[in-house]
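Comments concern the structure below.
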Protein chains: 2
Amino acid sequence: MSEHATGNALSIGDVAKATGLGVHALRFFEREELFLRPIPRTAGGQRVYGPEDVEWLLLCSRLRDSGMPIAGVKRFARLVRSGPGNEPERLALLEEHERTVRDKIADLTASLEIIHGKVLTYRKHVKDGTAAGLWSPTPSP
Amino acid sequence: MSEHATGNALSIGDVAKATGLGVHALRFFEREELFLRPIPRTAGGQRVYGPEDVEWLLLCSRLRDSGMPIAGVKRFARLVRSGPGNEPERLALLEEHERTVRDKIADLTASLEIIHGKVLTYRKHVKDGTAAGLWSPTPSP
DNA sequence: GTAGAATCTAGACTGCAATCTAGGTCAAGC
DNA sequence: GCTTGACCTAGATTGCAGTCTAGATTCTAC
């Protein structure tokens, strides 16, 4: 199934390579109903994916990596699966997630500033050899 | 212990309020040796914290919230506890964490761009009423 | 036609980081 | 002095998100 694809059929291993997900994760996602359609099988029962499944998985990975829980992806998948008519709900879900990602970035940036401040302090003290007694959390340790 | 502090003694509940951590988490942190010193106790066995413990916990929270695992915080605490002389190691640990935080922010920003793109697409289609058929992961769903 | 790689299922297991439980003890206000 | 709320320990449990196992089957290449 990996070779000279007659068109676009992909094995689970191909999809794993293409998405960076493990085969276990792909089967898990299917159990969790994160796909947009029932993945077809060969006569022998092996999964046959199409490129659109890979596309979808890449989006799912983005959502997951940016902190959306499986349950959120599942809700989005369910909306998409249920066809046209619920676009405002999909939009709301995405907007909500966008907000949480922005908040996350803001939090990380705030933490980064503090951490970077510590780094600068330590660099200075290590360079000067004046490091003794360094520790108290702000702004020293 | 919460009232008119004679100086600065804090109960576990006070510290929980001050740091946003739960009392369970504070006891857990102590078992994990994340503190810079053994927390003293009253005659009756109750923990007595000082403001410096709160300061330290606030830094720990920043490190945790920015993705440093407990084991990392523990290593840092151990370095600080073991006194002057290892500042270059502390610096290395903080620099390493700073790098991972920057990477995390970069990843989130990349995801955010994709998500925001979807949001824009959905907004447009919902507004136009042309939403039918929207779904394929890039750039539609 | 057969060896070896890849895949299948159901279900058990992992790791992290708390969080909660049970069964008490302690302390502060009235 | 007593009630009520905060606190104590040790250990069990939770939740999330995979990840792995075992044992069987299928597919691919020679």
Side-chain angles (χ1 to χ4, degrees), chain A residues 1-6 9-35 38-50 53 57 60-77 97 100 104, chain B residues 1-6 9-35 38-50 53 57 60-77 97 100 104 107 111:
Chain A
M1 204 174 282
S2 324
E3 292 302 336
H4 61 71
T6 74
L10 300 164
S11 74
I12 196 171
D14 297 334
V15 174
K17 262 171 229 145
T19 59
L21 296 162
V23 295
H24 296 298
L26 291 171
R27 291 192 274 248
F28 170 71
F29 281 15
E30 191 172 333
R31 276 203 296 284
E32 290 293 316
E33 312 197 281
L34 300 188
F35 284 94
I39 302 301
R41 305 297 185 105
T42 64
Q46 310 201 221
R47 291 167 179 83
V48 182
Y49 297 86
D53 298 312
L57 285 169
C60 287
S61 292
R62 280 298 181 184
L63 295 174
R64 289 284 307 114
D65 293 350
S66 55
M68 184 182 286
I70 292 284
V73 181
K74 190 189 295 206
R75 275 194 297 131
F76 188 53
H97 185 56
T100 74
K104 215 180 289 265
Chain B
M1 204 175 282
S2 323
E3 291 304 338
H4 60 70
T6 74
L10 300 164
S11 74
I12 196 170
D14 295 336
V15 174
K17 262 171 230 145
T19 60
L21 297 162
V23 295
H24 296 296
L26 291 171
R27 292 192 274 247
F28 169 70
F29 281 15
E30 191 172 335
R31 276 203 296 283
E32 290 293 315
E33 311 197 281
L34 299 188
F35 283 95
I39 302 302
R41 305 295 186 105
T42 64
Q46 307 201 205
R47 291 168 179 83
V48 183
Y49 298 87
D53 299 312
L57 286 169
C60 288
S61 292
R62 279 300 181 180
L63 294 174
R64 288 283 309 113
D65 293 351
S66 55
M68 183 181 287
I70 291 284
V73 181
K74 190 190 295 206
R75 277 194 296 131
F76 188 53
H97 185 56
T100 73
K104 215 180 288 265
D107 287 357
S111 294

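Chain A is the first sequence line, chain B the second, and so forth, proteins listed ahead of strands; every chain is numbered from 1. Values below: every heavy atom of this structure, side chains too, minus hydrogens, waters and symmetry copies.
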- Rounded to whole angstrom units, what separation is found between the NE2 atom of His24(A) and the P atom of dG15(C)? 15 Å
- Please determine, for the side chain of Phe28(B), which listed nucleotide (dC7(D), dT19(C), dT7(C)) has the closest atom? dT19(C)
- Task: In whole angstrom, give the distance that lies between atom CE of Met68(B) and atom P of dA17(C).
- Result: 11 Å
- Message: Rounded to whole Å, how long is the line connecting atom CG of Leu57(B) with atom P of dA18(C)?
- Response: 12 Å
- Taking side chain as C-beta onward, heavy atoms only, is Val15(A) less than 4.5 Å from Leu57(A)? yes
- Query: Of Ala71(A) and Gly45(B), whose nearest nucleotide on DNA chain D comes first from the 5' end?
  - Reply: Gly45(B)
- Arg62(A) backbone acceptor or donor facing Asp65(A) side chain under 3.5 Å: no
- What is the nucleic acid contact for Arg64(B), judged by heavy atoms within less than 4.0 Å: base, sugar-phosphate only, or nothing? sugar-phosphate
- Task: Please state how far atom NZ in Lys17(A) lies from atom P in dA5(C), giving the value in whole angstrom units.
- Result: 14 Å
- Task: Starting from P on dT7(C), measure out to CD1 on Ile39(A) and report it in whole angstrom.
- Result: 14 Å
- Just how far, in rounded Å, is C1' of dA27(C) from CD of Gln46(B)? 7 Å
- Message: Side chain of Arg31(B), heavy atoms from C-beta onward: which of dA17(D), dG11(D), dT19(D) has the nearest atom to it?
- Response: dG11(D)
- Item | Pairwise distance CE(Met68(A)) to SG(Cys60(A)) - rounded to 0.5 angstrom | 9.5 Å
- May I ask you to verify if any side-chain N or O of Ser11(A) is less than 4.0 angstrom from the OP1 or OP2 atom of dC27(D)? no
- Task: Check every atom of dT21(D), dC8(D), dT21(C) against the side chain of Arg41(B) and return the nucleotide holding the closest atom.
- Result: dC8(D)
- Item | Under-4.0 Å side-chain N/O to phosphate OP1/OP2 contact, Arg27(A) with dA17(D) | no
- Message: Is there a side-chain contact between Ser11(B) and Gln46(B) in this structure, where contact means two heavy atoms from C-beta onward sitting under 4.5 Å apart?
- Response: no
- Note on the structure: Assign each of Ala43(A) and Phe29(A) the nucleotide of DNA chain D bearing its closest heavy atom; nearer the 5' end lies the nucleotide of Phe29(A)
- Task: Measure from CG on Leu34(A) to C1' on dC16(D) and round the result to the nearest Å.
- Result: 14 Å
- Hey, is the side chain of Arg47(A) poking within less than 4.0 Å of OP1 or OP2 on dT7(C), counting only N and O atoms? no
- Compare all side-chain heavy atoms of Leu34(A) with those of Phe76(A) and state whether any distance is below 4.5 angstrom. no
- Item | d(NZ, Lys74(A); P, dA17(D)) in whole Å | 10 Å
